[in-house]
Amino acid sequence: MTSSERQPENPVSGGAGKHAWFSHDRLGMFIHWGLYALGARHEWLKNREELSDDHYQRYFENFDPDLYDPKAWARRARLAGMKYVVVTTKHHEGFCLWDSKVTDYKAPNTPCGKDLLTPLVEAFRAEGLKIGFYYSLLDWHHPDFPIDVHHPLRNHPNAEALNSGRNIANYAAYMREQVRELLTGFGRIDIIWFDFSYPGREYRGLPGKGRADWESERLIELVRELQPDIIVNNRLDLPPGKLPDVTTPEQYTPRVAPAIASQGVLWEACHTFSGSWGYHRDEDSWKSPEQIIQLLIDSVALGGNLLMNVGPTGRGTFDARAIAALEVYQSWMEVNGRSIYGAGPSEFPVPAGCRYTQRGNRLYLHVYNWPYRHIHIEGLADRIAYAQFLHDASEVRWLSQTKEVDSNIGVMVPEGMITLELPVRRPDVTVPVIEIVLKA
């Protein structure tokens, strides 16, 4: 059995069966949306600019996404080839998109006046996408969350005194109640994405936070009790021996597939189209079409998923740059999706400037650097039954080794190799894919 045919073992749930959909679907949409969309200059603006609750309150008092249409969001996600969504129910600012019963800091109490999470869940389910909830372990608004290295008041001259009345145990209990609401009020939830732990990050005598603060073991027991089949990520700082369901490298592509104790794990890279997770009006670092397609291919080629983020505006829309990026996925996945869905890594040595994914006897060669006429491939001599471009099913012919070749005008094919014959001009596809059918 090749690596593409194996499903990774799930160390928590005892096998890949109930999580097999995750490794098959490969591409999901991350949505970061909250009060920071009004600031429009980074989702961490309260932290970066060390804003007080009073200053930040202006965003709460003016939050009114009157153009919010979750059906349009869900439709764009489906057309882009995304199979699941993970939405920030509460980010570090502490603001909740749903009608939580344990806080007033929520969407229904803004000028918006309503729960924003329920219609989103319904819309994405209607488009056939699985549902994931992001929930921040940090909360810069909650009165019992102690000031620390990431808190906006970390440099306040009275930070230590301000901390004196804060009780992290009360906050941990608050989190459990909110997680209970999320996992009992919206039907089946497929993923819960906690974010994040930093136990070693002391700052000016203010300790970081980890499993003891979050009471992570109690929290994950509650999650498993309420939603036994849910996927839980790796940011709870669980003790050794209590492994997560999925590992989540952020804003980089691993050089090799992540592992825990030398064992392969389910994993998912998460990335932004630009540099921020939330809506950033003035940001000018948006990735090129080639980069965002290659992020997906690179992940799948190593056996992982890609969770690609959109940060909606304060009026509840995807801005033109995000729509254009999603349309890049749409155009590419419409014709190349079968090199992604259900595919994984290949054990064959890949030519320079290319990536392989494989699904059964179908080997997919993603050509990053278009050569002049030929690609030389090791390990496939006498193994190929057929080859074609995936975008249009046009045949790709190949050369095998022959002894009589004029080296001045002929292509030399070494023993054990084959050489694909390509058109001089690259096809009009962001990343061309050649589907190679292997002999049984």
For [X], enumerate each residue passing the ring pair (Phe, Tyr, Trp, His ring centres under 6.0 Å) test, keeping only those at least two apart in sequence or located in another chain.
{"X": "H271", "value": "none"}
{"X": "F145", "value": "Y171"}
{"X": "F63", "value": "W33, F95"}
{"X": "W267", "value": "none"}

Looking at [Y] and [X], is there a salt bridge between them, counting it only when a charged N and a carboxylate O are closer than 4.0 Å?
{"X": "D148", "Y": "K209", "result": "yes"}
{"X": "R224", "Y": "D245", "result": "yes"}
{"X": "K101", "Y": "E181", "result": "no"}
{"X": "R41", "Y": "E283", "result": "no"}
{"X": "K90", "Y": "D139", "result": "yes"}

- Query: Can you check whether Y36 and H91 have ring centres sitting under 6.0 Å from each other?
  - Reply: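 Yes, the ring centres sit under 6.0 Å apart.
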- F194 and F196 aromatic centres sub-6.0 Å: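 Here the rings of F196 and F194 have centres that are no less than 6.0 Å from each other.
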Could I get the full list of side-chain contact (heavy atoms from CB on, under 4.5 Å) partners for [X], not counting sequence neighbours?
{"X": "K106", "answer": "C96, D99, P108, N109"}
{"X": "D319", "answer": "Y279, W286, T313, R321, A322"}
{"X": "D237", "answer": "S197, P199, R211"}
{"X": "S262", "answer": "none"}

- Message: To the closest 0.5 Å, what do you measure between CG (L363) and CD (Q358)?
- Response: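 The distance works out to 5.0 Å.
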- Spatial distance of atom CG (D382) from atom NZ (K439) [nearest 0.5 Å]: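 The NZ atom of K439 is 5.5 Å from CG of D382, to the nearest 0.5 Å.
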- Task: Would you please name every residue forming a salt bridge (Lys or Arg N to Asp or Glu O under 4.0 Å) with E327, sequence neighbours left out?
- Result: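 If we apply the salt bridge (Lys or Arg N to Asp or Glu O under 4.0 Å) test to E327, skipping adjacent residues, the hits are R76.
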Closest heavy-atom pair and its distance - [X], [Y]:
{"X": "N163", "Y": "I147", "answer": "OD1-N, 2.6 Å"}
{"X": "R154", "Y": "R204", "answer": "O-NH1, 4.0 Å"}
{"X": "R180", "Y": "L226", "answer": "CA-CD1, 3.8 Å"}

- Item | Row check, W21 ring normal vs K130 NZ/CZ: under 6.0 Å, within 45° |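 Judged by the rule, K130 and W21 form a cation-pi pair.
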- With a distance cut-off below 6.0 Å to the six-membered ring centre and an angular limit of 45° from the axis, does K46 pair with Y56 as a cation-pi contact?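 Cation-pi check for K46 and Y56: passes.
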- Could you check I131, L117, T89 and say which one makes a side chain to side chain contact (heavy atoms under 4.5 Å, CB included) with F186?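 Result for side chain to side chain contact (heavy atoms under 4.5 Å, CB included) with F186: L117.
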- Qualifying residue, where the test is side chain to side chain contact (heavy atoms under 4.5 Å, CB included) with F30 and the options are V85, V86, L306: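 The passing option is V86.
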- Message: For Q388 and E435, which I'm curious about, is there any donor-acceptor pair between the side chains at under 3.5 Å?
- Response: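 Note: Q388 and E435 side chains meet the donor-acceptor criterion.
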- Message: If we count only N and O atoms by modelled type, under 3.5 Å, do the side chains of Y134 and D195 hold a donor and an acceptor together?
- Response: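 The answer is yes; a qualifying pair exists.
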- Item | Partner residues of E177 under the side-chain hydrogen bond (donor to acceptor under 3.5 Å, both in side chains) criterion, sequence neighbours left out |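 Per chain and number, E177 pairs via side-chain hydrogen bond (donor to acceptor under 3.5 Å, both in side chains) with no residue.
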- Qualifying ring pair (Phe, Tyr, Trp, His ring centres under 6.0 Å) pairs with a residue from residues 353-389, counting only residues at least two apart or across chains: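 Every ring pair (Phe, Tyr, Trp, His ring centres under 6.0 Å) pair that includes a residue of residues 353-389, provided the two are not neighbours, is F389-H391.
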- Item | Qualifying ring pair (Phe, Tyr, Trp, His ring centres under 6.0 Å) pairs, either residue in residues 296-326, two or more places apart |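 Listed once each, the pairs are W73-F318.
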- Step by step, work out the side chain to side chain contact (heavy atoms under 4.5 Å, CB included) result for E50 and H156. CA-CA 9 Å; E50 300 184 20; H156 192 285; over 6 Å; no
- Message: Could you check whether any side-chain N or O of H19 sits under 3.5 Å from a backbone N or O of D229, counting only pairs where one atom can act as donor and the other as acceptor?
- Response: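 Checked: pair present.
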